[in-house]
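Here's the structure, in structure tokens; my notes come after.
Computed from a prediction, not measured in an experiment: that's the story for all the values here. Letters A, B, ... mirror the listed sequences (proteins, then strands); counts begin at 1.
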Amino acid sequence: MISIVDYGMGNLGSISNMLKKIGVASRFVSNIEEISAAEKIILPGVGSFDNAMEKLNTLGFSNVIKEKASSGTPVLGICLGMQLLGTRSEEGIQEGLDLIPGVIRKFPSLNGLRIPHMGWNKVDVSDLGMFKGLEENKFYFVHSYFYDPKDSAHIGGKTEYGINFTSSVHKSNIYGVQFHPEKSHKYGMQLLKNFAAL
Amino acid sequence: MLAKRIIPCLDIKDGRTVKGVNFVNLRDAGDPVELGALYSEQGADELIFLDITATHEKRKTLASLAREIARHLSIPFTIGGGIKSVEDVEVLLQSGADKISINSAAVRRPELINELAKNFGSQFVVLAVDAKQIDGDWWVHLNGGRIATEIRLLDWVKESQERGAGEILFTSMDHDGTKNGFANEITAQVSEALSIPVIASGGAGTMEHFKDVFTIGKADAGLAASIFHFREIGIGALKDYLEREDIVVRQ
């Protein structure tokens, strides 16, 4: 059973639909007790960094997610949910969960580079953790900020878009992907299968 | 590298796909959800569903359609038709739409773009624009092309971007339905004038037309309807062709 954190940010239905397609049970969790009891956690997110962190803090979810992550529960952050795993973001002033140290940075203004980075792009996999069977891939991205991890050992994969940015992070039982596996068809299904199999 | 996108467009009327669709492997060729799922299996990168008859009363139909699509598709989709307010969009996004598209309502009240971008983020807002070339210049048209305006295409797309549109869906009325190729020259001008992605629409007839719109037309995505609906071009074959032509696509 995968618990999808419902804190009012993002399209949770798409994630549960995708899990259903691959035959994985999931539920939405919207209080501290339910998160405490979770076997596996998906932290989704669409919107701004500060708005999301304020909600997680107000609801008391930040602490319980951190506790769960440090006690070995697999956690997968998706899109903004991945960025929340970082230390802080150039998008705002709130502190992140700091589960995988790093700063969330805005894409540089380069000539001809369209922001947000939107569409299907390849992840060059450096850590197989979440990417078994996905050496060849294309995932669907929509974002204007990217994760810049402090320790390169935490890079799970990188993607080329004007710069070569970190599109996936991994530290022990904690994973983050910048793209949307729930919108990435067969590649997304495989990635979520991999997470479900942890 | 970011892949160029292939986007089938499904016109919806009263919850059903219009335009004769004759796929033998569909139980119900008029069912937009089933047709969308088929395109998704064939490798479509996104889908656009446009309710061509959307009225205020039918807005609920659109929301339930969005819910059904979201339940069955695992690629992003845009939904549009008759959207005039933040409330209209709210219900569509809650129903699982990834993006919404607005057209005439934004021309009539440009602040709508700002409101939607502020409430939902630019990435949700696709600004669709239909334009026609008259005496050498390109002019925005409303209501599916029936009403001419005195707004220049390039002025309008730039203003839309400034107001917060996240993507432009540009249809050349002069090319739409001709199957003689996209409006590459003006598409390139639109693309170069903007820093947001441009979806080119109107005129697709051959695989080469897609190559041209991605290279000469500098489009980020190519949209078509009938050539996919009538199986004149298969999405899989189109992507194989584009890949051979050194255009990055998702396979």
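- Of the charged side-chain nitrogens involved, at least one lies within less than 4.0 Å of a carboxylate oxygen, so that B:Asp45 and B:Lys239 count as a salt-bridged pair.
- No donor-acceptor pair closer than 3.5 Å links the side chain of B:Ser122 to the backbone N or O of B:Ala117.
- Heavy-atom distances place no part of A:His180 under 4.5 Å from chain B, backbone and side chain included.
- Relative to the ring axis of B:Phe124, B:Lys99 does not place its NZ or CZ within 45° and under 6.0 Å from the centre.
- At a 4.5 Å heavy-atom cutoff, the contact between A:Asn17 and chain B is made by side-chain atoms alone.
- Ranked by heavy-atom pairs shorter than 4.5 Å toward chain A, the options B:Gly121, B:Ser195, B:Pro76 are led by B:Pro76.
- Contact of A:Met18 with chain B is made through the side chain alone, with heavy-atom distances under 4.5 Å.
- The closest side-chain donor-acceptor pair between A:Arg114 and B:Ser191 falls under 3.5 angstrom.
- For chain B, no part of A:Phe141 is nearby; none of its heavy atoms comes within less than 4.5 Å.
- For B:Phe210 and B:Phe182, the ring centers sit closer than 6.0 Å to each other.
- Contacts of B:Arg71 with chain A are made by both backbone and side-chain atoms, with heavy-atom separations under 4.5 Å.
- Only the backbone of B:Ala97 has a heavy atom closer than 4.5 Å to any heavy atom of chain A.
- For the pair A:Tyr175/A:Leu198, a side-chain contact is recorded, criterion being any heavy-atom separation below 4.5 Å from C-beta on.
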Run A:Asn194 and A:Gln190 through side chain to side chain donor-acceptor pair (under 3.5 Å) and show every step you take.
CA-CA 6 Å; A:Asn194 292 345; A:Gln190 182 62 43; 3.0 Å; yes
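- Proximity to chain A is limited to the side chain of B:Val248, based on heavy atoms less than 4.5 angstrom apart.
- Only the side chain of B:Glu167 comes within contact range of chain A, with heavy atoms under 4.5 Å apart.
- Of the listed residues (A:Met189, A:Lys21, A:Lys20), the greatest number of heavy-atom pairs within a distance under 4.5 Å of chain B belongs to A:Lys21.
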